[in-house]
Each structure stands twice: as structure tokens, then as C-alpha cells.
Participant: 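A single structure is presented below for examination.
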There are 2 protein chains.
Amino acid sequence: MTGPVAATRLDLAAYLPYRLSILSNTVSGAIAAIYETRHGLSVADWRLMAVLGMDPERSLTQKALCARTRMDKVQVSRAVKRLIDLGHIEREVDSADRRRAHLRLTGPGRAIYDDVAPATLEWERELLSRLTPAEAAILDTVIARLQEVTDEMAAGS
Amino acid sequence: MTGPVAATRLDLAAYLPYRLSILSNTVSGAIAAIYETRHGLSVADWRLMAVLGMDPERSLTQKALCARTRMDKVQVSRAVKRLIDLGHIEREVDSADRRRAHLRLTGPGRAIYDDVAPATLEWERELLSRLTPAEAAILDTVIARLQEVTDEMAAGS
DNA sequence: TTGTATTAGTTTCAAACGAAACTATTATGG
DNA sequence: CCATAATAGTTTCGTTTGAAACTAATACAA
């Protein structure tokens, strides 16, 4: 095996992007099972409800939801429609600019939020309990840094 | 706002599963652009080629590819078919057990591997260069631990 | 004032995906 | 020896997704 060729061999098991993907998918899958099983919600559905539930008295536009969740506007549009049809959120057209609408959780939507949010937070706590405080702190820093760097690299393209 | 209610509010921006998902998607998206642009390959396609390229002299079955990539067998099946149609991999039925086939990169497939693998490794190196060696080492440990724990929690369900 | 650019969100359509069922082959136990 | 179970992989079909185009509304410049 020549040096140069061996040096460029990619070992998936050690490759950070792959490991991040697998870890993220496993984690998300486990949590998605919670709200899918209990309330028939998709990942996109819950993600919007999670943002709207942060401050239930405050409404958000779809554009704002896109920004907060980093989801594509089409995906947000579809999830919003589903959640309205399910009666979990409601829409109020902005009289100052009829292109947009204000969205907020309904009473039933809030009940679902109050059921799911603690469960997903508990799941996170359980997971993080396996790390030392120092590890958790560094993980937090590293994720923030990698996100910033990757966003920069993506923006530079 | 009452204590208990406020305590269970979920802040997506601080929520580890969400942050992992966003980071992973951003990273994977950037890398996927490399092989999609250069060779028209999907994430699934490249993932299989990456595994087969690790040791080109050795063949693997679809079951083995599922294990190495943690991909669903249907997804592997579809990607294998596509890669065979593209001429990037070839299949040889196992004479001892005709249910399975041995898969390996073709010459052209290997050329693609030799083009993409270094580029994706370089991308990873560039990303990791923004971490200190200590941070990178802890990240490695933490990802492994979290994967193990999440797999356990998933298996316990 | 008006034509054009931009914005916010929706719809269309082809491709991809997920769950379930299926086929071909081999393993196993009575 | 043979019926059944299990395995490896494929196909079906309905749903979801992604890219592009579209609609309605507002902003802006001449």
C-alpha cells in the first residue's frame, strides 16, 4: 500500500461528519418517537410548536419560524398548514401587511407543548448526565464554534 | 410566570438534539455538495462508495454495507442499484449462498473515490483546525459516549 | 402616479423515501 | 426427507420532499 494512497483513505467510523450525522439521527429519532407516538407529530411539526411554545403570548410569522428553526420556507409552510388543520396553532393575518400572518399555539396546542417539552428536556438531561460538567461545557463550546465555522464556509461558497 | 412552567420551556437554540441536527445538516450539506457537484452522487451513494473504497480489494455484501453505514436495507438496495447502473460498483453473486452478492468498486468507481475522499478529508481537517487538540480529543470522546448511550436508550425501548 | 422589484407564502411536479409486503434462497428441526 | 423458519435483498404504493414556479401584497424609484 503506497503512502499517499493510504493517507487519503476515508474511515467512516472515524470521520466526524459521518459520526455527527449518525449521532444526530439516532438522537432525533429517539425524541421524535416521543411526540410522534403521543400526538402524531412530525419532526417539522414539533420544531415549530417548540418555537411557538417558548413564549406563547407572542406570535411569529412564517419567516420568523424559518429563521428560528433553520427550516426551508416550503417545509415551514407545509407544517404550518398541517398544524392549523390539526387545531394546534392558529393564524391571524397582519392587517398592516396582508402578505404575512401571525401564528400562535391554540389552547390544545399549548397542552401538547406542555406534555412534550418536559419529556424532551428530560431526555436531554438523561443524555447529558453521562458527561462530566467539563465535557458538557466543552461540547457546548465546540458545537457553537463548529456551527459558526461551517456557516462561514457555506457562506463563502 | 410560574416556576414549574418556566422550567419546562424548551429553548431550541440551547437544546442539544436540535443543535446537533442543525450542525450535522450544515456539515453534511456542505460535503454533499462536493460529490453531488463533481459526480452527481447522493449522500447514500457516496456513503456506500466510501465504505467500499476503504479496502478496494475486499468486497462487501449489502448486509455488511448496512452495518457499516447504519443505513436501512431498502436505502442500501436502492443506492446499490443506482451505483451499478452508473458503473461505479459491480456485483458478483456468492456461489456458496445465492441470496447475497459481493460488491466492490469498479475502476471508474475507484477513480471517483480517489477524487472525492481526499476532498472530504481536507474539508474535515479544515473544520477541525478551528479546535484545539484538547477540544478535538474531548469531542471525539463525547461523541463516542453519546452514541453508545443513545444506542443503549434506543435498545431499551 | 405608475411600472418594476421585492417580499411572504403557496402550489406544482418529479423524485426520493418509509413501511410493508414480497421473492428467492438457505437453515433448521422433527 | 420435508415442512417451516429465517435470511438477503427487491418491489409496491402512498407519502414526503426538494426545486422551481407561482400568487398576492408591498416597497421603491423614476
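In what follows, chains are A, B, ... by sequence order, proteins preceding strands, each numbered from 1.
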Participant: Under the salt bridge (Lys or Arg N to Asp or Glu O under 4.0 Å) rule, what pairs show up with a residue in residues 134-150 of chain B, not counting sequence neighbours?
Facilitator: A/Arg19-B/Asp140, A/Glu135-B/Arg145, A/Arg145-B/Glu135

Participant: Could you tell me which residues satisfy side chain to side chain contact (heavy atoms under 4.5 Å, CB included) with A/Gln75, sequence neighbours excluded, listed by chain and number?
Facilitator: A/Ala44, A/Met71, A/Asp72

Participant: Check B/Lys81 with B/Asp85, please: is the shortest side-chain N to carboxylate O separation under 4.0 Å?
Facilitator: yes

Participant: Which atom names give the shortest non-hydrogen contact between A/Pro17 and B/Ile31, and what distance separates them?
Facilitator: CG-CD1, 3.3 Å

Participant: Under the rule for side chain to side chain contact (heavy atoms under 4.5 Å, CB included), what residues qualify as partners of B/Ala119, not counting sequence neighbours?
Facilitator: B/Ile34, B/Arg38

Participant: What residues form a side chain to side chain donor-acceptor pair (under 3.5 Å) with A/Lys73, not counting sequence neighbours?
Facilitator: none

Participant: Give the minimum heavy-atom separation between B/Arg91 and B/Ala101, together with the two atoms involved.
Facilitator: CG-CB, 3.2 Å

Participant: Less than 3.5 Å between a donor and an acceptor, one on the side chain of A/Arg78 and one on the base of C/dG9, is that the case here?
Facilitator: no

Participant: Is there any ring-ring contact (aromatic ring centres under 6.0 Å, His included) pair reaching into residues 83-114 of chain A, and which pairs are they, with sequence neighbours excluded?
Facilitator: A/Trp46-A/Tyr113

Participant: Base contacts versus sugar-phosphate-only contacts with protein, heavy atoms under 4.0 Å: please encode nucleotides 21-27 of chain C as B, S and - from 5' to 3'.
Facilitator: ----BS-

Participant: Could you check which residues of residues 40-53 of chain A get a heavy atom under 4.0 Å from DNA chain C? Sort them by number, please.
Facilitator: none

Participant: Would you mind reading off the distance between B/Met71 atom CE and C/dC17 atom C1', rounded to a whole angstrom?
Facilitator: 12 Å

Participant: Test: salt bridge (Lys or Arg N to Asp or Glu O under 4.0 Å). Region: residues 56-71 of chain A. Which pairs qualify, not counting sequence neighbours?
Facilitator: A/Arg70-A/Asp151

Participant: Please give me every residue in residues 28-37 of chain B whose heavy atoms get under 4.0 Å of an atom in DNA chain C, ordered by residue number.
Facilitator: none

Participant: Taking all atoms of both residues into account, what is the closest heavy-atom pair of B/Thr69 and A/Ile22, and its distance?
Facilitator: O-CD1, 3.8 Å

Participant: Rounded to the nearest angstrom, tell me the gap between atom CD1 in A/Ile89 and atom C1' in C/dG9.
Facilitator: 13 Å

Participant: If you take any heavy atom closer than 4.0 Å to DNA chain C, which residues from residues 58-69 of chain A end up in contact?
Facilitator: A/Thr61, A/Gln62, A/Lys63

Participant: Quick one: list whatever passes side chain to side chain contact (heavy atoms under 4.5 Å, CB included) with B/Arg130, sequence neighbours left out.
Facilitator: A/Val149, A/Glu152, B/Glu126

Participant: Rounded to whole angstroms, how far apart are CZ on B/Arg82 and C1' on D/dT10?
Facilitator: 15 Å

Participant: Which heavy atom of B/Val116 sits nearest a heavy atom of B/His39, and at what distance?
Facilitator: CG2-CD2, 3.4 Å

Participant: Tell me the interatomic distance from A/Asp72, atom CG, to C/dT11, atom C1', rounded to whole angstroms.
Facilitator: 14 Å

Participant: Would one find a side-chain N or O of A/Ser77 under 4.0 angstrom from OP1 or OP2 of C/dT10?
Facilitator: yes

Participant: With A/Ser21, which residues qualify under side chain to side chain donor-acceptor pair (under 3.5 Å), at least two apart?
Facilitator: B/Arg47

Participant: Please determine if A/Asp94 and A/Arg98 form a salt bridge, counting it only when a charged side-chain N lies under 4.0 Å from a carboxylate O.
Facilitator: no

Participant: So does A/Arg100 reach the base of C/dT10 with its side chain, donor to acceptor, closer than 3.5 Å?
Facilitator: no

Participant: What is the distance, rounded to the nearest whole Å, between atom NZ of B/Lys81 and atom P of D/dT10?
Facilitator: 10 Å

Participant: What is the separation between atom CD on B/Gln75 and atom C1' on D/dT10, rounded to the nearest whole Å?
Facilitator: 15 Å

